[in-house]
Amino acid sequence: MTPTPLPADDRAAVADALGRLPRVADLLAARAEEHDRDGTFPYQGIEAVHEAGLLTLTVARRHGGAGAGLADTVRALAGLGRGDASVAVLTAHTLLLHAEQARAGLWPAAAYRRLLTESRRGPALLGMLRTEPGGQAGAPPATVAHWDGEAWELTGRKTDCSGAEALSWMAVPARTDEPVPRTGVFLVRGDSPGLEIDPVWDQLGLRASAGHDVLLDGVRVAADHAVRLTVSGPADPDRHAAADTSRAWHLLALSAVHLGIARAAQDWLIRFLQQRTPANLTEPLATLPRYRTALGGIEASLIGAEELLDALAAGVDRGDPAAAERAAAGQLLANRAATDAVQQAVTLTGNPGLSRRHPLERYLRDVLSGRMHFPAEEAVLEAVGRAALARGGPRRA
């Protein structure tokens, strides 16, 4: 089904929230270095995002939300990434789950009403806990759900759980221990008995995103909080299309965070070039053609990546299956552009760019660490190549 564009007056809530982006980004940037240095959770930053209406931007209009689509979400996350990439990543995961609810109704009605009530009282962070130690793509979850006659009991370990210590709700993929196992998603409150946070997150970048491990030891989940329980079977075309859309949202939303990081790096580079006058020169570096040319290359590359993400996101919003299919390639190209931009900025600034006294080295660490959110380049390129071969080339006469 092709989404119907919202009338202009119905976009007021989206426009208002996006209008607050610059101020929120400035607030995030003011404390980003502190949280990065100490590895502390950015509670105040999340509060600022929530108060601006950005943390619930994708809540459907039928639930009283702004009903933002992917194109608006990409814009919001790029702006937040410019301020603090860790806060942007945490926001992204919450927006993705609200958007999934708007499209496909993952949550039971009563549970979602409860979540929205919590969201009106304060920030309610959400997370989909997919990753497990040693997990492989396509394999069933190692986390086990046991039915005790009254409720499900979850046991297992999830890794790289962004915002683990502050999640209000966790969507936990697991498999049942029934004779014919089913897999599904179990909705778990962050304060559930039997749930423990193992504070192992100590990464190079995105240090404030608190991607600790979550341990589940007999965590009880009500029957109606176990959703999409299915036995593996023949592929369902409708479900495959829905999965493509969800994947496109994930890839493009988190790619926007990367482009926000790259823009922040470029902002710092411009100030550096305008202010830096080496001892052997009488004017700032910005007056030298080679620096302007290099900066122009960064700008052109980022413009191209932003236009690509915007176009693909708009296509996904229109329900264009081709846009969803191309999201992986778009993500790869956007992230290459973002990473190259930050690395070039470091090269152009030399030692100052690598100093902990300046934010550029943090941008470099963040943009490199963000790779954990995406499939490996080799896997993306192999899939793109396979699709190109399937289409075939022009036939010779």
Side-chain angles (χ1 to χ4, degrees), residues 18 21-22 25 68-83 85 88-89 92 205 244 247-273 286 289-318 320-349 353 360 363-364 366-371 373-385 387-388 391:
L18 293 178
L21 258 178
L70 181 53
D72 289 320
T73 301
V74 162
R75 180 181 170 189
L77 292 172
L80 296 177
R82 206 164 185 159
V89 165
D244 283 348
R247 190 178 303 110
W249 269 77
H250 174 89
L251 294 173
L252 299 181
L254 287 162
S255 293
V257 176
H258 275 212
L259 289 179
I261 298 170
R263 283 299 187 184
Q266 184 194 44
D267 291 343
W268 189 86
L269 172 63
I270 289 172
R271 291 193 297 272
F272 177 85
L273 296 179
R290 78 178 186 91
Y291 283 98
R292 293 199 299 267
T293 300
L295 179 61
I298 292 173
E299 175 69 7
S301 179
L302 292 181
I303 288 174
E306 289 165 347
E307 292 294 325
L308 175 60
L309 281 198
D310 288 346
L312 288 173
V316 172
D317 284 340
R318 292 193 304 270
D320 180 1
E325 291 169 4
R326 293 175 177 176
Q331 163 261 309
L332 185 148
L333 294 172
N335 291 329
R336 280 182 175 178
T339 302
D340 288 347
V342 181
Q343 290 176 329
Q344 287 183 58
V346 171
T347 298
L348 289 170
T349 56
L360 188 55
Y363 301 145
L364 178 61
D366 284 347
V367 82
L368 292 175
S369 298
R371 294 174 179 176
H373 297 121
F374 305 107
E377 279 203 5
E378 294 82 359
V380 173
L381 292 173
E382 196 275 335
V384 171
R391 288 196 305 272

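All values reported here derive from a predicted model rather than from experimental measurement.
From Leu308, atom CG reaches atom CG of Leu252 across 8.0 Å, with rounding to the nearest 0.5 Å. Interatomic distance, Phe272 CZ to Leu360 CG, rounded to the nearest 0.5 Å: 9.5 Å. Rounding to the nearest 0.5 Å places CD of Glu307 at 10.0 Å from CG of Leu309. Taking CZ from Phe374 and CG from Leu251, the interatomic distance works out to 7.0 Å, rounded to the nearest 0.5 Å.
Remark: the backbone N or O of Val346 is paired with a side-chain donor or acceptor of Thr349 at under 3.5 angstrom. Judged purely by atom type and a 3.5 angstrom limit, Asp244 has no side-chain atom pairing as donor or acceptor with the backbone of Ala324. Side-chain N or O atoms of Asp317 include one that pairs as donor or acceptor with a backbone N or O of Ala71 at under 3.5 Å.
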Determine, step by step, whether Asp320 and Val316 satisfy the side chain to side chain contact (heavy atoms under 4.5 Å, CB included) criterion, reporting the C-alpha distance in whole Å, the side-chain angles of both residues, the deciding distance to 0.1 Å, and the verdict. CA-CA 6 Å; Asp320 180 1; Val316 172; over 6 Å; no
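Take Ala88 and apply the side chain to side chain contact (heavy atoms under 4.5 Å, CB included) test, not counting sequence neighbours, and it matches Leu80, Val257. The ring-ring contact (aromatic ring centres under 6.0 Å, His included) test applied to His250 returns no partner, not counting sequence neighbours. For Arg336, the salt bridge (Lys or Arg N to Asp or Glu O under 4.0 Å) test picks out Glu377, with sequence neighbours left out. Every residue meeting the side chain to side chain contact (heavy atoms under 4.5 Å, CB included) condition with Ala78, not counting sequence neighbours, appears here in chain and number order: Ala256. Under the salt bridge (Lys or Arg N to Asp or Glu O under 4.0 Å) criterion, Asp267 pairs with Arg82, sequence neighbours left out. With sequence neighbours excluded, the residues forming a salt bridge (Lys or Arg N to Asp or Glu O under 4.0 Å) with Asp72 are Arg11, listed by chain and number.
The heavy-atom pair separating Gln343 from Leu368 by the smallest distance is NE2-CD2, 4.2 Å. Closest approach of Leu348 and Tyr291 over heavy atoms only: O-CE2, 3.7 Å.
Between Thr73 and Trp249, some side-chain heavy-atom pair lies under the 4.5 Å cut-off.
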In a table with atom names and distances, give each donor-acceptor pair under 3.5 Å that connects a side chain of residues 325-335 to protein atoms at least two apart or in another chain.
residue	atom	partner	partner atom	Å
Asn335	OD1	His258	ND1	3.0
Asn335	ND2	Gln331	O	3.1

Residues 293-305, side-chain donor-acceptor partners within the protein, below 3.5 Å, at least two apart:
residue	atom	partner	partner atom	Å
Thr293	OG1	Pro289	O	2.9
Glu299	OE1	Arg263	NH1	2.6
Glu299	OE1	Gln266	NE2	2.8

